[in-house]
Novice: 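Right, I'll just put the structure down here and ask away after.
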Amino acid sequence: MDLIEARYLIETPFDPAKIAAIIAGEQSSGTFVRVAGETEELRERCAAKVLSVTELAPATEPSLQSAFLQAKGITGPYRRAEIRVGFPTGNIGRNLATLAATVSGNLYDLGEITGLKLLDVKLPASYRDLYDRPVAGTQGTRSRMKVEGRPFFGTIIKPNVGLRTNDIADLVEQLCEAGVDFIKDDEVCANPASAPLTERIPAIMARVRNYRDRTGRDVMIAFNITDETDAMRRHADLIEDEGGSCAMVSMNWVGLSALQTLRASTPLLLHGHRNGFGALSRHPLLGMAFPAYQTLYRLTGVDHMHVHGMGGKFCDDDAEVAESARLSGQPLCDGADDIVLPVFSSGQWAGTVPETVKAVGTADFMFLAGGGILAHPSGPAAGVRSLQHAWEACASGNSLETQAKTSPELAEALAFYGNKA
């Protein structure tokens, strides 16, 4: 029997093995009592299986409150454990929303627990094969952009919102001339009244096509089409009609099913932005860790996935960011051709390039700098060159300070951003 393996961190005043059994039953064939029709044959075929229980050090206080426990007067100590549960693939089939409901769902609401976090989800190859792959992923993005042997350097339209269509088109043209590989909308700028997509996409792509025809170099634009499903499909069609190649989607807010529908309806690369992920991940005993999250969302067929940034402005420590990037750059199953391009962003500039290179271990990543390009003292072109020269320092084994002796753009970046970091 093929099983989908989910790994959890749980906290409970009960025996963790008992709670693991409750989780397995609740999320497969059972409920809190045996019911009519729940035969041994059915249970053998469909019941989830507890694969392991590893108890950890207990806590004296509960991480989360439970009215169920309070009503029964049950208190600590609160035992913690990592558990692994296997769910039969036949219970789910090709149904990503139901996969998420199975490995997560009502588990967070169980009265017996005072903490539960989904740490990881591992899939058998036969089950992974039911779902779409990226249309490009890392190598396909390289082929389309003709960028080899180095990272992709990109930026974000700033100000985040408020610019009118012609202002954005002018900025995109300036950024193309500056030498960026990739330009994306901010997650809060999708279809504003000041620059609606039906106006913005044609205006921007006209500038990009002119630049492409004149220089032979392409710049990928990730238009933020986050919306209800039909609107996303209409806007994806418009991007394609105008010669664009990429759409950005806020994964958490459109959801798994809408992303699947979008993937099936467009050949565009899908740039997956994970804004809001902190609501799922920041509490140590609640929600979902990135290894589980990226498995679910990669089954939609996204091509790029945000992992935050090294030394950035968000809450993740560098080890977590590095692990997120590592996972994105690996297949979900042995032999699966489904690697996505990890995207670093948030407070990035030339000074954070070395740790990013160290974290990934290769040049297979996208490095997005908003202020790190647009706020460079000598302008955006110098900002782009500061990133390129920081990469050259890493590739040649030089320090940034040594490289800066022959790169005024990098020297300026170190002096300007270094004081703000």
Novice: Judged by atom type as modelled, is there a donor-acceptor pair below 3.5 Å linking the side chain of S28 to the main-chain atoms of A24?
Specialist: yes
Novice: So, for L96 and L299, which heavy atoms are closest and what is the spacing to 0.1 Å?
Specialist: CD1-CD1, 3.8 Å
Novice: Validate the cation-pi geometry between K72 and F68: distance from NZ or CZ to the six-membered ring centre under 6.0 Å, angle to the ring axis within 45°.
Specialist: yes
Novice: Looking at every non-hydrogen atom in both residues, tell me the closest pair between F290 and S324 and how far apart they are.
Specialist: CD2-OG, 3.3 Å
Novice: Between S407 and R385, is a side chain to side chain contact (heavy atoms under 4.5 Å, CB included) present by the stated rule, with each step listed?
Specialist: CA-CA 9 Å; S407 169; R385 285 194 292 274; over 6 Å; no
Novice: Would you say CG of D334 has more than 12 non-hydrogen atoms from neighbouring residues, nucleotides or ligands within 6.0 angstrom?
Specialist: no
Novice: Dump the intermediate steps for side chain to side chain contact (heavy atoms under 4.5 Å, CB included) on L51 and L3, then the final yes or no.
Specialist: CA-CA 10 Å; L51 303 177; L3 296 176; 4.3 Å; yes
Novice: So, are D218 and R144 salt-bridged, with charged N and O less than 4.0 Å apart?
Specialist: no
Novice: Got a salt bridge between R128 and D338, using NZ or NE/NH1/NH2 to carboxylate O under 4.0 Å?
Specialist: yes
Novice: Are R7 and E82 close enough for a salt bridge, meaning some N to O gap below 4.0 Å?
Specialist: yes
Novice: Say whether, by atom type as modelled, one donor and one acceptor occur between the side chain of D318 and the main chain of G311 under 3.5 angstrom.
Specialist: yes
Novice: Are any non-hydrogen side-chain atoms of M305 and R298 less than 4.5 angstrom apart?
Specialist: yes
Novice: Hey, could you give me the CG/CD1 distance between L175 and I183, rounded to the nearest 0.5 Å?
Specialist: 4.5 Å
Novice: Are L286 and L116 side-chain neighbours, meaning at least one heavy-atom pair lies under 4.5 Å?
Specialist: no
Novice: Counting only N and O atoms by type, is there a donor-acceptor contact under 3.5 Å from the side chain of E228 to the main-chain atoms of D230?
Specialist: yes
Novice: Taking C-beta and beyond as the side chain, do V307 and S328 meet within less than 4.5 Å on heavy atoms?
Specialist: yes
Novice: Would you find a donor on one side and an acceptor on the other, under 3.5 Å apart, between the side chain of N95 and the backbone of T98?
Specialist: yes
Novice: For side chain to side chain contact (heavy atoms under 4.5 Å, CB included), just list the numbers for K184 and H273, CA-CA rounded to whole Å, side-chain angles, deciding distance to a tenth of an Å, and then say yes or no.
Specialist: CA-CA 10 Å; K184 81 169 189 70; H273 199 299; 3.7 Å; yes
Novice: Assess whether a salt bridge exists between D316 and R274, defined as any Lys/Arg side-chain N lying under 4.0 Å from an Asp/Glu carboxylate O.
Specialist: yes
Novice: Do other residues, nucleotides or ligands put more than 12 heavy atoms under 6.0 Å from the CZ atom of R282?
Specialist: no
Novice: To the nearest 0.5 Å, what is the distance between CG (L64) and OH (Y108)?
Specialist: 11.5 Å
Novice: Do the side chain of Y8 and the main chain of D120 share a donor and acceptor less than 3.5 angstrom apart?
Specialist: no
Novice: Identify the two heavy atoms, one from L268 and one from V135, that lie closest to each other, and give their separation to 0.1 Å.
Specialist: O-CG2, 3.7 Å
Novice: Would E55 and R80 count as a salt bridge (Lys or Arg N to Asp or Glu O under 4.0 Å) here? Give the steps.
Specialist: CA-CA 6 Å; E55 193 151 3; R80 293 179 177 177; over 6 Å; no
Novice: Main chain of S281, side chain of K117: is a donor-acceptor contact present, judged purely on distance under 3.5 Å?
Specialist: yes
Novice: Would you find a donor on one side and an acceptor on the other, under 3.5 Å apart, between the side chain of E5 and the backbone of V121?
Specialist: no
Novice: Does T226 offer a backbone N or O that forms a donor-acceptor pair with the side chain of S250 under 3.5 Å?
Specialist: no
Novice: As an exercise, state the distance from CG of L387 to NE2 of H376, rounded to the nearest 0.5 Å.
Specialist: 8.5 Å
Novice: OG1 of T102 to CD1 of I4: how many Å apart, nearest 0.5 Å?
Specialist: 7.5 Å
Novice: Check whether D303 reaches the backbone of G137 with its side chain - one donor and one acceptor, N or O, closer than 3.5 Å.
Specialist: yes
Novice: I need the minimum non-hydrogen distance between A48 and P88, along with the two atoms involved.
Specialist: CA-CD, 4.0 Å
Novice: Between D181 and K146, does at least one N-O distance fall below 4.0 Å, as a salt bridge requires?
Specialist: no
Novice: Is atom NZ of K158 surrounded by more than 12 heavy atoms (other residues, nucleotides or ligands) closer than 6.0 Å?
Specialist: yes
Novice: Could you pull out all donor-acceptor pairs under 3.5 Å where a side-chain atom in residues 361-369 meets a protein atom, sequence neighbours excluded?
Specialist:
unit_1 : atom_1 : unit_2 : atom_2 : d
T362   : OG1    : D364   : N      : 3.0
D364   : OD1    : R142   : NE     : 3.1
D364   : OD1    : R142   : NH2    : 3.0

Novice: Atom CG of L69 and atom CD1 of I113: how far apart are they, to the nearest 0.5 Å?
Specialist: 9.5 Å
Novice: Which heavy atom of D337 sits nearest a heavy atom of R133, and at what distance?
Specialist: O-CG, 3.1 Å
Novice: Report yes if the side chains of R200 and I168 come closer than 4.5 Å at any heavy-atom pair, otherwise no.
Specialist: yes
Novice: Answer yes when R234 and D237 have at least one side-chain N-carboxylate O distance shorter than 4.0 Å, and no when they do not.
Specialist: no
Novice: Passes side chain to side chain contact (heavy atoms under 4.5 Å, CB included), D132 versus Q260? Steps please.
Specialist: CA-CA 8 Å; D132 291 332; Q260 280 189 289; 6.0 Å; no
Novice: Taking the side chain as everything from C-beta on, heavy atoms only, tell me whether L332 gets closer than 4.5 Å to I339.
Specialist: no
Novice: Do V147 and F153 touch side chain to side chain, with heavy atoms closer than 4.5 Å?
Specialist: no
Novice: What I want to check is whether the side chains of S345 and H308 have a donor and an acceptor closer together than 3.5 Å.
Specialist: no
Novice: Assert yes or no for the condition that the ring centre distance of H306 to F277 is strictly below 6.0 Å.
Specialist: no
Novice: Any heavy-atom pair between the side chains of V161 and D186 that's under 4.5 Å?
Specialist: no
Novice: Please name the pair of heavy atoms, one in A222 and one in F182, separated by the smallest distance, quoted to 0.1 Å.
Specialist: CB-CZ, 3.5 Å
Novice: Can you tell me if E112 and T12 form a side-chain donor-acceptor pair at under 3.5 Å?
Specialist: no
Novice: If we only count heavy atoms from C-beta on, is the P16 to I10 side-chain gap below 4.5 Å?
Specialist: yes
Novice: Has the side chain of T300 got a donor or acceptor atom that lies under 3.5 Å from a matching backbone atom of L296?
Specialist: no
Novice: Find the distance between CD (E187) and CD1 (I156) and round it off to the nearest 0.5 Å.
Specialist: 9.0 Å
